[in-house]
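Just the heavy atoms: all of them, side chains too, but no hydrogens, waters or symmetry mates, feed the values below. Please read all numbers here as calculations on a predicted model, not as lab measurements. Reminder, nothing fancy here: chain letters follow the sequence lines and each chain counts from 1.
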There are 2 protein chains.
Amino acid sequence: MNIGQAASASGVSAKMIRYYESIGLIPKTVRTESGYRVYSHHDVHTLRFIRRARDLGFSVEQIADLVSLWRDRERASKDVKAIALDHVHVLERKIRELQEMALTLKHLADHCHGDSRPHCPILEELASEDPLPVHVKTDAKFGALGKA
Amino acid sequence: MNIGQAASASGVSAKMIRYYESIGLIPKTVRTESGYRVYSHHDVHTLRFIRRARDLGFSVEQIADLVSLWRDRERASKDVKAIALDHVHVLERKIRELQEMALTLKHLADHCHGDSRPHCPILEELASEDPLPVHVKTDAKFGALGKA
DNA sequence: TCTTGACCCTCCCATGATTGGAAGGTTTAC
DNA sequence: GTAAACCTTCCAATCATGGGAGGGTCAAGA
């Protein structure tokens with residue numbers, strides 16, 4: 001199977017498959033004489049595993065750990081669970097941060113007439129010297145939240 | 001005021017101040033003879049405005065719009081409100097995505113004994129050929145959610 | 001057999017916001 | 001006068017992903 005077929009069978013783009021190979025998340029494949037990468041159904045299975053883990057928001061680093069646990073028949077399930085729960089906590093923290101932002105903003109927007117006049121509590125609040133009301137005390141690292 | 005003082009007064013790092021200048025979010029400042037940037041209290045006020053908007057998760061592009069509306073005494077408040085509400089919707093979508101991920105993961109973790117034995121429903125689910133249960137149907141773009 | 005289009009290859013670049021560092025000049029306080 | 005604490009510019013890295021250029025390969029049809 002060529003990379004394109006492996007890509008559509010796994011849901012991981014050809015670009016990403018090459019990238020995963022380059023960073024060592026997946027091993028280097030066999031190549032044809034002319035240099036084309038060749039994939040087996042087993043490889044596709046692994047790629048699908050990776051894609052599912054990505055869909056759950058795991059980082060590539062965590063996925064590497066999960067894949068190696070997956071391959072390890074002697075693994076302890078607590079090791080897997082620890083990674084999963086750790087990630088749950090990260091997700092929950094992000095969720096809380098976003099909720100605080102959304103709540104604060106909604107509150108501000110509620111108080112803005114939203115008409116053609118210039119008066120606007122949203123801008124006033126942003127321009128204020130006082131601490132932002134309730135909710136907001138952001139971990140600024142979170143920044144603009146990935147790309148839209 | 002030097003850039004370091006402006007940074008600590010505004011909460012925006014010197015690095016970021018230079019960056020904001022380089023991308024045109026803030027205008028180029030006056031310089032001393034020796035090339036040091038000089039900031040006024042007014043500049044610091046603007047930087048603080050920017051920082052607050054960042055804390056609420058606005059992108060630099062949106063902040064540019066907000067700053068120009070802020071400066072515009074003839075602005076219509078509906079323009080500001082539109083940006084804010086648009087952002088609220090983006091936030092809410094992200095929140096929903098993360099909640100789906102967290103819920104799915106928690107569900108899987110709940111069914112994992114987390115002991116020293118290898119059996120693990122989390123890995124089984126990731127390795128499964130079937131669609132992920134409930135919750136998950138991710139906008140993969142969201143990926144690893146910024147940096148930990 | 002030749003051509004064409006659909007593949008594949010490897011590089012490099014860009015994203016967004018931010019931090020880090022190197023190499024070098026300036027200011028300040030002792 | 002010197003050392004520390006600033007400042008300057010430029011370059012690189014982060015993380016996962018996509019885009020594209022420039023070039024080779026393969027399969028199907030004329």
**Q** What pairs of residues pass the side-chain hydrogen bond (donor to acceptor under 3.5 Å, both in side chains) test when at least one of them lies in residues 31-40 of chain A, not counting sequence neighbours?
**A** A:E21-A:R37, A:T32-A:S34, A:S40-A:D43

**Q** Taking CE from B:M1 and P from C:dT27, how many angstroms apart are they, rounded to a whole number?
**A** 18 Å

**Q** Could you pull out every donor-acceptor pair under 3.5 Å between side chains of residues 73-80 of chain B and any protein atom, sequence neighbours left out?
**A**
| unit_1 | atom_1 | unit_2 | atom_2 | d |
| --- | --- | --- | --- | --- |
| B:R75 | NE | A:P118 | O | 2.8 |
| B:R75 | NH1 | B:L69 | O | 3.3 |
| B:R75 | NH1 | B:W70 | O | 3.1 |
| B:R75 | NH2 | A:P118 | O | 3.3 |
| B:S77 | OG | A:G114 | N | 3.2 |
| B:S77 | OG | A:D115 | N | 3.0 |
| B:S77 | OG | A:D115 | O | 3.3 |
| B:S77 | OG | A:D115 | OD1 | 3.2 |
| B:S77 | OG | A:R117 | O | 3.3 |

**Q** List in chain and number order the residues that pass side-chain contact (heavy atoms from CB on, under 4.5 Å) with B:K15, two or more places apart in sequence or in another chain; answer none if no residue qualifies.
**A** B:S13

**Q** Nearest-Å distance, CD1 (B:I17) to P (D:dT8)?
**A** 10 Å

**Q** At under 4.0 Å, does any side-chain N or O of B:Y20 touch on OP1 or OP2 of C:dT18?
**A** yes

**Q** Can you list the residues that meet the side-chain contact (heavy atoms from CB on, under 4.5 Å) rule with A:E92, with sequence neighbours excluded?
**A** A:V88, A:H89, A:R96, B:K106

**Q** Taking side-chain contact (heavy atoms from CB on, under 4.5 Å) as the definition, give me every residue that meets it alongside B:A14, ordered by chain and number, with sequence neighbours left out.
**A** B:I3, B:A7, B:R18

**Q** Between C:dT18 atom P and B:Y19 atom OH, what is the distance in whole Å?
**A** 8 Å

**Q** May I ask you to list the residues of residues 61-69 of chain A, by number, that have any heavy atom positioned under 4.0 Å from an atom of DNA chain D?
**A** none

**Q** Would you mind building the protein contact string for nucleotides 4-10 of chain C? One character per nucleotide, 5' to 3', B for base within reach (heavy atoms under 4.0 Å), S for sugar-phosphate only, - for untouched.
**A** ---BSSB

**Q** With sequence neighbours left out, write down each residue that passes side-chain contact (heavy atoms from CB on, under 4.5 Å) with B:S68, or none if nothing qualifies.
**A** none

**Q** Among all residues two or more places apart in sequence or in another chain, which pass the ring pair (Phe, Tyr, Trp, His ring centres under 6.0 Å) test with B:H111?
**A** B:H107

